Structures are given as C-alpha cells and as structure tokens.
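Everything below concerns the one structure shown next.
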Amino acid sequence: MQKRTKVVDILKSGVVGSDVVAMGWVRTKRDSKTVVFIALNDGSTINNVQIVADVANFDEELMKQITTGACICVAGKLVESQGSGQSVEIQAKEIKLFGDCPADYPMQKKGQSMEYMRQYAHMRLRTNTFGAVMRIRHNMAFAIHKFFHDKGFFYFHTPLITASDCEGAGQMFQVTTKNLYDLKKDEKGSIIYDDDFFGKQASLTVSGQLEGELGATALGQIYTFGPTFRAENSNTPRHLAEFWMIEPEICFYDMDDLMALEEEFIKYCVKWALDNCQDDLNFLNKMIDKGLLERLNSVVNTEFVHLPYTKGIEILQEAIKNGRKFEFPCNWGDDLASEHERYLVEEYFKKPVIMTNYPKAIKAFYMKIDEKKPVYNGKEMAETVQGTDVLFPQIGEIIGGSVREESYDKLINEINERNIPMKDMWWYLDTRKFGSCPHAGFGLGFERLMLFVTGMANIRDVIPFPRTPKNADF
RNA sequence: UCCUCUUUAGCUCAGUUGGUUAGAGCACCUGACUGUUAAUCAGGGGGUCCUUGGUUCAAGUCCAAGAAGGGGAGCCA
C-alpha cells in the first residue's frame with residue numbers, strides 16, 4: 001500500500017487529483033442513503049480531513065463499524081470538495097479498519113465537561129481541546145529550549161532526588177527503599193536512615209535552583225527544565241504535586257538585567273505560540289476562552305510595569321482610602337494576598353507587573369539584600385531584597401526570581417537567622433567561598449505558562465497526566 | 001487544611017409545596033434522506049436519583065454524617 005500522508009500535510013500541500021493514504025481516528029460520521037462523510041483526525045493538526053465514501057462501493061458491515069473513535073486507514077483520491085466546509089477531501093477507494101470503537105468509548109463527539117474528561121485522562125488526549133493543548137505544550141517546551149540556546153545558555157540537568165530542602169519551598173515526597181512497616185529508630189523515636197539506599201533521608205526535588213547556581217557559577221549561564229515535586233495538600237486550579245519548572249541562572253546579572261530577561265522570555269514564548277500554533281489557538285479562542293488571542297497579543301505588545309513593593313503598598317493604601325475593600329490587610333511588611341496582586345495587575349495597571357524589592361522577612365534566604373532601606377510614610381523601613389515576581393492577569397505569580405546574595409557573610413547570617421540546617425548547605429556555600437560572583441535567576445512554572453497561553457482554566461488540564469492530592473491514576 | 005457549591009440515564013442537565021408510573025437534549029439501536037459539516041427527521045431501549053442513617057402515612061425532594069468533584073482562600077510555581 002502507498003505510504004501514509006499526515007493530515008496536516010494533506011490539507012496544507014496535498015495535490016488535487018493525486019492518490020493519498022490517510023490514517024487516523026474518526027471524529028464523526030454522517031450518513032445518507034448513497035454517501036457517507038467521515039471526519040478523520042490523526043493528531044498532526046486540529047483540522048480533520050473529510051473522507052467521502054459512496055455507500056455502494058463498501059461493505060455494509062465495515063461501514064457500520066466505522067464509528068466515532070474508530071481507527072481507520074483510507075486510500076483514495078484527493079479532490080476538490082463539493083461541500084462548503086473544506087476545500088479538499090478524499091474520495092475513498094479503499095477503507096481498512098485498524099480498530100473498531102465500541103459504544104462505551106468515553107469520548108463522545110458532543111461536549112463533555114473538563115471534570116468528566118479528567119476522569120479519562122488516557123482518552124481525553126484524543127479530543128480537539130486536549131490535542132490542541134498538547135501540541136501547544138510541545139511548542140512551548142521547544143520554544144523555551146530555543147530561546148535559551150540561541151542566547152548561549154546551557155541546558156543543565158539538576159537531580160530529581162535530593163537530600164537538601166531548597167528554601168523550604170514546601171513539603172517533600174520522601175524517597176526510600178526501606179520497609180515502612182519496620183523502620184529502624186533511635187531512642188527518641190526518630191527514624192535512622194543510615195541503612196537506607198542513600199544512607200540519609202532523601203526526597204524528590206522541590207527546586208533545582210541551588211544546584212543550578214552551581215552550574216551557572218561554572219558555565220556562566222544555564223537553565224534547568226524538568227519535573228519538580230511538592231507534597232503540599234493544596235487543592236486549587238493552579239497547583240500540581242508534580243509540575244515542570246524552568247529555572248535559568250545567570251552570572252554577572254543585576255536586577256535590571258534579570259527583569260529584562262524575564263520579560264523577553266515570556267514574550268518570546270507567547271509570540272512563538274502566536275506564530276506557530278495558530279490553528280490550535282484559534283480553536284481555543286473559539287471554544288474555551290473568547291479573549292485568549294487578544295490577551296496574548298496584548299502581552300507581546302505591552303511593556304511590563306516595574307513596581308517596587310513599597311510603591312505597591314502605597315497604591316493599595318491609596319485604594320483603601322478611596323473606599324476599595326480588601327479581605328486582608330496590606331500594611332508595609334505584609335505579604336500581598338492574591339486579591340492585592342489582582343487589584344494591581346487587573347484593575348490599576350491593567351498589564352503584567354514585575355514587583356521588586358520585597359521586605360527581607362517575607363522572601364527566601366538567598367535573595368540579595370538591598371543597600372538602601374526604603375522610606376514609607378516618611379519613615380525608614382526594614383531591609384528589602386532584590387526579588388522580582390512577575391504577576392500576570394488571571395493567573396497571578398508566573399515567575400519568581402531574584403538577584404542572589406553573593407556575600408558569604410551575609411548569606412551565613414541569613415541561614416543562621418532562619419535556622420536553616422547548615423550541614424546540608426556546605427556545598428552551596430562553597431559558591432560564595434570560592435570565587436563568588438554576582439548572579440541572578442528565576443523560576444517559572446511551565447504549567448502556569450501553559451494556562452496563560454492556552455486560556456485553560458485548570459492546571460490539571462494543561463498536563464497530560466496530572467498528579468494532585470488523592471489523584472495519581474494513569 | 002478552611003469556606004462554599006454540586007452529586008438524578010453513557011454524557012449535559014430539568015425535576016414545582018414532600019404525593020402514587022422520574023423527564024429533556026445528545027449518545028446508542030432501528031428506519032427515512034443524492035453532499036453532510038457536532039447533519040436532519042421518525043421510532044425504540046436505557047435509572048442503586050452518590051453512600052449510610054434519620055424525620056414522615058409518604059423522600060430524588062427535608063435533616064445529619066461520610067465520600068467524590070467544582071469554585072474561592074492559604075501555601076506557592
């Protein structure tokens with residue numbers, strides 16, 4: 001049999017009058033007395049190719065088995081369509097059934113809820129929506145590698161299994177080969193790990209940043225891109241227990257360099273989607289989120305606001321004075337609640353905001369301390385750090401970044417003040433001890449970027465097989 | 001983890017003040033139709049009303065507990 005042509009190529013560059021072979025899954029079949037129409041999709045594009053089959057030429061039993069979801073092979077001639085929905089179609093000469101599809105196929109051709117499809121994560125990939133999301137996901141991953149590669153960054157692989165708890169970023173999943181019913185304990189009841197696989201307590205990583213800094217301070221500029229694990233019992237449309245994170249780390253960068261990179265990076269990814277995923281984005285814009293394309297274009301064409309934390313508090317206090325109500329207080333020193341972030345991004349500036357120079361107390365130990373303390377209401381406030389959080393409409397914090405503290409003494413001081421176990425950090429401190437350098441970096445949750453680019457509402461629907469509390473099927 | 005909403009056919013949902021045989025659209029099956037576009041038209045089959053307990057002559061409907069799911073919050077990416 002002739003070689004298969006992908007549907008995307010048939011539709012894009014198929015020659016009318018030529019013989020083609022298409023293989024794929026049936027989206028819908030429409031019958032009439034003499035002619036049958038089949039919409040065939042093979043995943044190469046969101047678009048289907050229409051198959052036209054004269055009933056007289058085909059076995060009745062075979063045609064009965066061609067139902068929504070069945071997998072078939074069609075050989076025929078590519079012709080101009082007589083119908084109005086498509087320009088070309090395949091006039092079938094031969095149809096072979098690869099796999100029939102019984103009526104209990106969970107994906108029907110009419111709309112199901114996202115919650116329903118989540119229960120069938122293994123089959124939902126065959127729907128238009130998840131096909132579009134997964135093609136975009138691939139494109140975003142590719143764009144990320146291309147962006148950094150073209151800038152001379154090195155893709156640096158940090159370990160998934162770790163014995164350090166970076167920044168105390170969250171509850172960790174333990175990794176052990178021990179029999180959990182028979183654990184060795186000391187006289188205080190604490191578990192002894194010396195005969196465990198690694199000889200010490202080990203976990204799945206919550207961030208590759210600290211190891212990333214090791215790479216950056218050798219290779220100059222690196223990025224990581226891999227899975228990350230948090231055992232937090234957080235049940236929201238923006239959290240996963242297993243998610244993918246991108247963490248670039250760059251030497252000799254100051255805060256302005258960092259913010260410029262963050263903005264350029266996000267715009268590059270969004271632009272890539274607009275340029276390379278048009279069909280899928282058009283579909284999502286039509287079916288999922290009517291404002292999607294407009295929002296993506298506006299991000300590409302707008303300049304992000306740079307907003308020091310202290311100025312942000314002033315704006316919020318001014319809003320409160322003018323009668324704006326918030327559930328939580330936002331005095332200088334408080335961490336901003338999402339309602340505050342949303343006010344600034346969605347109501348006040350109406351564009352992405354990079355918030356900077358947070359109070360030291362509400363940020364991680366490795367952030368570089370500002371030389372000057374901020375003045376608020378005429379008074380000098382506590383120390384601030386060079387953190388840069390990129391806040392986006394709808395999804396909130398999409399990037400968390402900072403200039404790293406390069407002073408050995410200041411870093412030790414923070415570690416001591418925060419009671420971070422020193423013995424686990426010795427290798428990290430060596431970056432400051434031996435040839436310390438100014439450097440900066442950020443972390444971006446890949447699925448949060450996916451939420452923004454696809455317009456999907458729930459993070460569980462932008463990753464093929466989501467892991468969340470009480471959910472690890474498939 | 002907290003607050004809140006939801007759970008009725010394979011799917012999406014309706015179901016009045018508690019009342020006797022629980023409905024619709026889609027899907028499926030049968031039939032009709034010379035070109036459909038999530039085709040259309042006619043007919044048919046299909047129910048542990050989430051679970052347990054309670055109130056009542058009577059519970060899909062009211063009450064309590066539990067389970068699962070959604071939304072919001074916190075934590076964060």
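Small disclaimer: the values here were computed from a predicted structure and weren't measured. Throughout, a chain's letter reflects where its sequence line sits, starting with A, and its residues are numbered from 1. What you see below is based on every heavy atom in this structure, not just the backbone, and it leaves out hydrogens, waters and symmetry mates.
Which of B:G35, B:U37, B:U1 sits closest to the side chain of A:Asn235 comes down to B:U1. Ranking B:G72, B:C75, B:A73 by closeness to the A:Ser338 side chain, first place goes to B:A73. Candidate nucleotides B:A73, B:G35, B:C33 were compared by shortest atom distance to the side chain of A:Lys33, and B:C33 ranks first. For A:Phe328, counting side-chain heavy atoms from C-beta on, the closest listed nucleotide (B:C75, B:G35, B:G74) is B:G74. When each of B:C76, B:G35, B:U1 is scored by its nearest atom to the side-chain atoms of A:Arg230, the top-ranked nucleotide is B:C76. Listed candidates were B:G70, B:U34, B:U36. Nearest to the side chain of A:Ser81 is B:U36.
A:Asp31 has its CG atom 11 Å from the P atom of B:U30, to the nearest Å. The nearest whole Å value for the distance from the CD1 atom in A:Ile38 to the P atom in B:G35 is 16 Å. In this structure, A:Met172 places its CE atom 15 Å from P of B:C76, rounding to the nearest Å. In this entry the distance linking NE2 of A:His239 with P of B:C76 reads 9 Å, nearest Å. Atom CD in A:Gln82 sits roughly 15 Å away from atom P in B:U34 (whole-Å rounding). When the C1' atom of B:A38 is taken as reference, atom NZ of A:Lys286 falls 10 Å away, rounded to whole Å. In this structure, the NZ atom of A:Lys470 is 6 Å from the P atom of B:A68, given to the nearest Å. Counting to the nearest Å, the C1' atom of B:C76 and the CD1 atom of A:Ile395 are 13 Å from each other.
Between A:Gln86 and A:Ser81 there is a side-chain heavy-atom pair separated by less than 4.5 Å. Within the 4.5 Å cutoff, the side chain of A:Leu451 has no heavy atoms near those of the A:Gln394 side chain. Looking only at side-chain heavy atoms (C-beta outward), A:Trp332 and A:Pro359 come within less than 4.5 Å of each other.
Within 4.0 Å (heavy atoms only), A:Asp104 reaches no atom of the nucleic acid at all. As judged by a 4.0 angstrom heavy-atom cut-off over every strand, A:Thr28 is placed among residues touching the sugar-phosphate backbone only. Looking at heavy-atom distances under 4.0 Å, A:Ser234 makes contact with a base. Among the protein residues, A:Thr67 comes within range of no part of the nucleic acid, since none of its heavy atoms lies under 4.0 Å from any strand. In this structure, A:Gln86 reaches the bases: a heavy-atom distance under 4.0 Å links it to at least one base atom across the strands shown. Using a 4.0 Å heavy-atom criterion, one finds that A:Leu240 contacts the bases of the nucleic acid, with or without backbone contacts as well. Contacts of A:Asn458 with the nucleic acid, taken as non-hydrogen atoms under 4.0 Å apart, involve only primed sugar atoms and P, OP1 or OP2. Within 4.0 Å (heavy atoms only), A:Ala39 reaches no atom of the nucleic acid at all. Residue contacts for A:Gln50: at a heavy-atom cut-off of 4.0 Å it reaches a base atom on one of the strands shown.
The partner of B:C2 is B:G72, judged by Watson-Crick or G-U wobble contacts that both fall below 3.5 Å. The nucleotide B:A65 finds its pairing partner in B:U51, both defining distances of the Watson-Crick or G-U wobble pair being shorter than 3.5 Å. Under the Watson-Crick and G-U wobble criteria, each requiring two contacts below 3.5 Å, nucleotide B:A38 is left unpaired.
For the C1' atoms, the distance linking B:U56 with B:G23 amounts to 26 Å, nearest Å. Nucleotides B:A68 and B:A22 place their P atoms 31 Å apart, quoted to the nearest Å. Distance noted for atom P between B:U61 and B:G54: 14 Å (whole Å). Rounded to the nearest Å, the gap between the P atom of B:G31 and that of B:U36 is 23 Å. When the C1' atom is compared between B:U6 and B:G46, the two are found 25 Å apart, to the nearest whole Å. The P atoms of B:U8 and B:G60 are separated by 15 Å, rounded to the nearest whole Å. For the C1' atoms, the distance from B:C57 to B:A14 is 29 Å, rounded to whole Å. Only the P atoms considered, B:C2 is 46 Å distant from B:A38, to the nearest whole Å.
Separation of the A:Phe229 and A:Phe243 ring centroids does not fall under the 6.0 Å cut-off. The ring of A:Phe142 has its center closer than 6.0 angstrom to the ring center of A:Trp272. Between A:Tyr223 and A:Tyr155, the gap from one ring centroid to the other is short of 6.0 Å.
Applying the 3.5 Å distance criterion, the base of B:G35 shares a donor-acceptor pair with the side chain of A:Glu89.
Remark: A:Arg238 is in phosphate contact with B:A73, judged by side-chain N or O atoms under 4.0 Å from OP1 or OP2. Distances shorter than 4.0 Å separate none of the side-chain N or O atoms of A:Thr236 from OP1 or OP2 on B:G72. The phosphate of B:A39 (OP1 or OP2) has a side-chain N or O of A:Arg30 nearer than 4.0 angstrom. Close to B:G70, at under 4.0 Å from its OP1 or OP2, lies a side-chain N or O of A:Arg118.
Ion pair A:Lys363/A:Asp389 flagged as a salt bridge, since at least one NZ, NE, NH1 or NH2 atom sits closer than 4.0 Å to an Asp/Glu carboxylate oxygen. Between A:Arg118 and A:Asp461 a salt bridge is recorded (basic side-chain N to carboxylate O distance below 4.0 Å).
The heavy-atom pair separating A:Arg404 from A:Glu249 by the smallest distance is NE-OE2, 2.7 Å.
Each of A:Asn471 and A:Ala337 was assigned the nucleotide of RNA chain B with the nearest heavy atom; the assignment lying further toward the 5' end belongs to A:Asn471. Sequence order on RNA chain B of the closest nucleotides to A:Ile399 and A:Ala103 puts A:Ala103 first from the 5' end.
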**Asked** Could you run down nucleotides 6-15 of chain B 5' to 3' and tag each one B, S or - for protein heavy-atom contact under 4.0 Å?
**Response** ----BSS---

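Ring pair A:Phe326/A:His340 is perpendicular by interplanar angle, where above 60° counts as perpendicular and below 30° as parallel.
Looking at A:Ser32 and A:Arg30, their side chains never bring a donor and an acceptor atom within 3.5 Å of each other.
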